[in-house]
Amino acid sequence: MSDDTIISFDKVNKWFGDFHVLRDIDVLVAKGERIVICGPSGSGKSTLIRCINRLEAHQKGTIIVDGIELIDDLKNIDSIRSEVGMVFQSFNLFPHMTVKDNLVIGQYLVRRVPKSEAEEIAMTYLERVKISDQADKYPAQLSGGQQQRVAIARSLCMKPKIMLFDEVTSALDPEMVKEVLDVMVDLAQEGMTMLVVTHEMGFARTVADRVIFMDEGQIIEENTPDAFFDNPASERAQNFIGQVLHHL
Amino acid sequence: MEPILAPFKMPQPAPYQSKGLLGWLRINFFSSWFNSLITLVLIYIIFNLANFLIHWAFINAVWFGDSAKSCPDINAACWAFVTDRWRLFVYGLYPNELYWRVNIVYALAALTIISFLYSYGRWTKYFRITMIIIFPITAYIFLVGDAFDLKYVAPEEFGGLLLTLVIASIAILGSIPLGLILALGRTSDLKVISKVCTYFIEFWRGVPHIVIIVMFVALLPIFIPDGAGIDVVVRAFIAFAAFNSAYMAEVFRGGLQSIPIGQFEASRAIGMSYWKMMGYIILPQAIRNSIPALMNTCIMIFKETTIVMLIGFSDLLGIIQLSLESSDWIVPPHIFSSAYTFAALIYFIFTFGMSKYSRRLENRSNIEQQ
């Protein structure tokens with residue numbers, strides 16, 4: 001494990017009841033690395049990244065994030081969560097607050113940034129995702145693509161070291177996928193450590209350093225995106241890529 | 001294949017028949033000969049009913065008088081009964097010379113309600129918080145007294161509308177926070193807390209209210225020897241707050257369950273603690289979603305205060321009944337209908353106000369969520 005490792009999974013196992021959802025997962029992520037995780041549904045890819053900010057707790061093995069081992073200790077969970085941003089498939093913006101307040105509330109409550117300063121930071125990030133003109137609207141008044149960009153800005157406001165993206169374009173109408181991916185590409189170019197669960201192969205080829213292919217709770221294959229998509233080694237990956245390509 | 005191009009169509013005005021008052025009447029009341037017939041029959045019935053009501057309640061009614069003899073006409077309302085005894089209805093058995101104290105409390109109550117009805121710019125929040133803190137304290141001081149040179153008035157002497165309002169306020173304002181705590185407890189991950197809250201709720205919800213009231217008032221002193229030291233009215237208040245909190249808890253639990261799991265996950269992913277997540281993200285939404293059911297429960301509580309009659313208190317309904325049995329008014333049964341119409345009207349005014357207010361709250365949250 002080198003010095004710039006920021007996430008390490010060592011023989012991580014997890015069960016949902018009797019269902020063995022993660023089986024002996026070993027992953028090392030270096031600072032600034034962009035990793036795309038793909039695989040058929042139910043393969044455990046979402047569970048894997050949800051273990052990183054402990055929305056799911058693993059039962060066996062060790063996960064170390066930014067030098068802190070994840071165990072059942074409240075303090076250590078909160079400090080990890082403030083380092084790790086997460087964006088969800090269903091946006092999960094707070095519907096009772098304006099867009100700006102969605103960005104302010106976390107800074108104010110968790111990072112204890114004074115309100116006026118938090119508002120400035122919020123506006124900066126809203127500008128970055130090109131949506132500052134919607135700051136005083138409520139989430140329900142925005143389109144899916146806009147909501148997802150607000151969600152990304154909300155995570156970035158917390159100044160995370162790691163960003164997790166859980167199928168963030170899957171719930172969007174096709175014409176809105178690009179605007180969200182553009183924001184993520186920008187972010188990748190700035191050197192953010194990113195773990196992205198997605199089937200967007202174009203995105204993977206543009207930004208990913210590495211693709212991890214999972215099936216039935218295991219990592220089946222790891223490779224550079226070009227090598228993985230052009231010449232998948234395992235039969236499962238070949239089948240999967242065949243199905244994804246067929247759809248496109 | 002050659003593309004088939006459809007010409008672009010400009011928007012057109014709606015057909016004439018569906019617009020204007022006549023169009024509206026036609027569509028809603030006279031769309032077919034059968035509907036027209038029903039409309040005419042209903043108009044006839046409504047006209048006759050209204051005619052009777054106006055004659056009964058206004059034209060033939062007796063407005064003033066001091067005994068049943070003033071109201072000889074059995075086909076007319078006898079508001080004399082109400083105007084003769086309104087002091088009793090409004091103040092109960094509160095000492096005559098101390099009515100001003102009750103008036104101050106009524107005025108403060110009105111002020112508190114007003115603070116919630118309108119917006120006062122940036123002072124709104126402070127105004128409301130001040131009123132909600134000051135009102136119960138001053139109300140207690142003025143009503144019960146025994147402080148600041150105010151003469152002590154035993155809660156047993158409350159009655160009429162005053163008692164109804166006091167019980168309803170305590171039951172509603174007491175059961176909302178208690179119910180919120182119970183709902184949070186019941187949905188808690190900690191098994192022990194969850195179980196305790198669940199059984200607490202199930203117990204209070206499962207026992208008839210009359211049983212609870214009687215138990216608290218009559219049997220508590222037997223089980224807890226010191227219980228007799230607690231004022232009987234206070235015991236009734238506690239009973240009301242306790243069993244209504246069980247209903248409130250279920251209302252809030254429904255609200256909590258309406259919040260998508262993603263809201264919890266997003267809050268936790270940002271790093272919020274449980275209480276910050278609940279206080280800023282989950283509860284504001286859950287309470288808003290609970291408003292219709294919450295108001296339903298409040299209205300139920302308000303009307304159910306009448307069961308204190310069973311343990312010998314004279315709330316508004318009780319004091320009206322007592323007055324009907326007084327020697328001046330005892331004979332003719334047609335006064336009953338006037339008296340109960342009056343009672344119904346008073347209860348309706350309050351519950352209708354509550355339901356209007358809840359509709360406003362709902363509309364306001366709908367604007368935000370479109």
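- Counting heavy atoms from C-beta on, the side chains of B:Lys276 and A:Ile105 never come closer than 4.5 Å.
- When heavy atoms are compared at a cutoff of 4.5 Å, A:Phe94 approaches chain B by way of both its backbone and its side chain.
- If you tally non-hydrogen atom pairs under 4.5 Å between each of A:Met86, A:Arg154, A:Lys137, A:Gln107 and chain B, the highest count goes to A:Arg154.
- Residue contact with chain B, scored on non-hydrogen atoms closer than 4.5 Å, involves the backbone of A:Arg54 exclusively.
- For B:Asp189, the CG atom counts as loosely surrounded, since its 6.0 Å shell holds 12 or fewer non-hydrogen atoms of other residues, nucleotides or ligands.
- For A:Tyr108, the OH atom counts as loosely surrounded, since its 6.0 Å shell holds 12 or fewer non-hydrogen atoms of other residues, nucleotides or ligands.
- Heavy atoms of other residues, nucleotides or ligands lying less than 6.0 angstrom from CZ of A:Phe16 number more than 12.
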Checking B:Met272 against A:Arg81 for the side-chain contact (heavy atoms from CB on, under 4.5 Å) test, could you report, in this order, the C-alpha distance in whole Å, the side-chain angles of both residues, the deciding distance, and whether it holds? CA-CA 9 Å; B:Met272 290 186 193; A:Arg81 283 181 180 150; over 6 Å; no
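- Closest of all the heavy-atom pairs between A:Met97 and B:Tyr280 is CE-O, 3.5 Å.
- Between the side chain of A:Asn92 and the main chain of B:Gln263, no donor-acceptor pair closer than 3.5 Å is present.
- With chain B as partner, the option from A:Thr98, A:Leu109, A:Asn53, A:Ile80 having the largest number of non-hydrogen pairs under 4.5 angstrom is A:Leu109.
- Contacts of A:Leu93 with chain B are made by backbone atoms alone, with heavy-atom separations under 4.5 Å and no side-chain atom involved.
- Scanning both residues, B:Ala269 and A:Phe88, for their nearest heavy atoms gives CB-CZ, 4.0 Å.
- Distance CD1/B:Ile270 to OG/A:Ser82: 11.5 Å, rounded to 0.5 Å.
- Remark: the backbone N or O of B:Ile282 is not paired with any side-chain donor or acceptor of A:His96 at under 3.5 angstrom.
- Other residues, nucleotides and ligands place no more than 12 heavy atoms under 6.0 Å from the CH2 atom of B:Trp123.
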